[in-house]
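Just so you know, these numbers come straight off a predicted model, no measurement behind them. Both backbone and side-chain heavy atoms feed into the values below; hydrogens, waters and symmetry mates do not.
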Amino acid sequence: MNVAIRYAAGSDIGCNRENNEDSGYAGPCLLAVADGMGGYAGGEVASSTVINALRRFDAPVADTELQGTLARAVAEVNKALGQAISAHPELNRMGTTLTAMLWNGTSKFAIAHIGDSRAYLLRDGVLFQITSDHTLAQLLADGGDAGENSHLSHMLFKVLDGGPDRDPDLAPRDARLGDRYLLCSDGLSGPVGPQEIFDILSAEKEREQAVARLIEAARAHGGPDNITCVVADVLEAEPGAPLQRPTLVGAVAGA
């Protein structure tokens, strides 16, 4: 089955931050959200570096190569982050989350995830969270041992920061016509609960309006962090239809 994804993306500084450390990308074969960290400027550099390095992989590959290609892509962008840190030692504390999907024009895609940005799937009237947060809180919920750090349960235990062995969660997935996917930073998923996310994604058929309402909802709940989201719909491909132009949002858009 030949499919096409149609998408919209948006990013907002939120209500309490002085700068936007999120970056997002949406293209015909690649969707990605990165939430940078590392203090003023560092987070912007981290997320921008990763998205800029990743976007060259926005191209179709064979079904059997999707997961391997995405794994190599994440390894390359993590290497690029390490090189940026080596060139600017003052940024040695920077890092970023990354949630990315690589599509190839069929119902197959691969997903890579590291950190606490998220991917959701709206299918047949049900909202599924299809990534697992790399936080100590989630580790405890999964039965893991957070040891003496349990009081820091909101903290991340896995991000991209240029170091070795920063392996993301990787999985192949099958899409269906009518699926709607949401990639977002925790600036959305933190203040806005899954029921409200479901309500907005279900009610707003236009992707741009869905993105705008999701950002508006996060701001209405105080907007404590930067807010970035990508909404993508899976549609039947129309022969000869032009590809949608890629979209950059957040820090990378102004880098």
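With a 4.5 Å cut-off on side-chain heavy atoms, Leu122 and Asp179 do not count as touching. In this structure the side chain of Val234 never reaches within 4.5 angstrom of the side chain of Arg180, judged on heavy atoms. Side-chain contact between Val50 and Asn52 is absent, with no heavy-atom pair separated by less than 4.5 Å. Inter-residue side-chain proximity for Val3 and Glu236 is flagged as unmet; no heavy-atom pair is nearer than 4.5 Å. Put simply, the side chain of Phe57 does not reach to within 4.5 Å of the side chain of Cys29, judged on heavy atoms. Between Pro224 and Pro191, some side-chain heavy-atom pair lies under the 4.5 Å cut-off. With a 4.5 Å cut-off on side-chain heavy atoms, Leu127 and Leu201 count as touching. Contact annotation: the side chain of Ile130 approaches that of Ile111 to within less than 4.5 Å [non-hydrogen atoms, C-beta and beyond].
Between the CD1 atom in Ile13 and the CD1 atom in Ile227 there is a gap of 10.0 Å [rounded to 0.5 Å]. The CG atom of Asp174 sits 3.5 Å away from atom NZ of Lys108, with the distance rounded to the nearest 0.5 Å. If you take CG on Asp58 and CG on Leu30, they are separated by 5.0 Å, rounding to the nearest 0.5 Å.
The main-chain N or O of Ala237 is never found under 3.5 Å from a side-chain atom of Asn2 such that the two would form a donor-acceptor pair. A distance-only check finds a donor-acceptor pair linking the side chain of Asn226 to the backbone of Asn19 [under 3.5 Å]. A side-chain donor-acceptor contact under 3.5 Å links His113 to the backbone of Gly115. Put simply, the side chain of Ser23 gets close to the backbone of Val252: a donor and an acceptor are under 3.5 Å apart.
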Exercise. Give the C-alpha distance, both sets of side-chain angles, the deciding distance and a yes or no for side chain to side chain contact (heavy atoms under 4.5 Å, CB included) between Leu54 and Leu98.
Key: CA-CA 10 Å; Leu54 190 68; Leu98 176 65; 4.1 Å; yes
Quiz item: For Phe128 and Tyr181, what are the C-alpha separation, side-chain angles and deciding distance, and is it a ring pair (Phe, Tyr, Trp, His ring centres under 6.0 Å)?
Solution: CA-CA 10 Å; Phe128 305 90; Tyr181 291 88; over 10 Å; no
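Of the charged side-chain nitrogens involved, none lies within less than 4.0 Å of a carboxylate oxygen, so that Asp233 and Arg6 do not count as a salt-bridged pair. A salt bridge links Arg166 with Asp161: the distance from a Lys NZ or Arg NE/NH1/NH2 to an Asp or Glu carboxylate oxygen falls below 4.0 Å. The pair Lys158-Asp167 fails the salt-bridge criterion, with no side-chain N (NZ, NE, NH1 or NH2) lying under 4.0 Å from an Asp/Glu carboxylate O.
Clustering ILVMFWY residues whenever any of their side-chain heavy atoms sit less than 4.5 angstrom apart, transitively, puts Val211 in a cluster other than the one holding Leu31. A single hydrophobic cluster is not seen to contain both Met101 and Val231; linkage of ILVMFWY side chains at heavy-atom distances under 4.5 Å, directly or through other members, places them apart. In this structure, Tyr120 is not a member of the same hydrophobic cluster as Leu183, with clusters built from ILVMFWY side-chain heavy atoms closer than 4.5 Å. Phe198 and Leu214 fall within the same hydrophobic cluster, defined by Ile, Leu, Val, Met, Phe, Trp and Tyr side-chain heavy atoms under 4.5 Å apart, directly or through other members. Linking ILVMFWY residues whenever their side-chain heavy atoms come closer than 4.5 Å, directly or via other members, places Val230 and Phe109 in the same cluster.
Surrounding CZ of Arg123 are more than 12 heavy atoms belonging to other residues, nucleotides or ligands, all under 6.0 Å away. Environment of CD in Glu238: sparse, with no more than 12 heavy atoms of neighbouring residues, nucleotides or ligands closer than 6.0 Å.
Nearest approach of Asn104 to Ala62, heavy atoms of both residues: ND2-C, 3.7 Å. Across Ala53 and Val77, no two heavy atoms sit closer than the pair CB-CG1, 3.5 Å.
For the side-chain contact (heavy atoms from CB on, under 4.5 Å) with Val249, the qualifying choice from Thr228, Asp12, Val33, Asp22 is Thr228, the only one to do so. Applying salt bridge (charged side-chain N to carboxylate O under 4.0 Å, His left out) to Arg213 and the options Glu204, Glu206, Glu208 leaves one that passes, Glu204.
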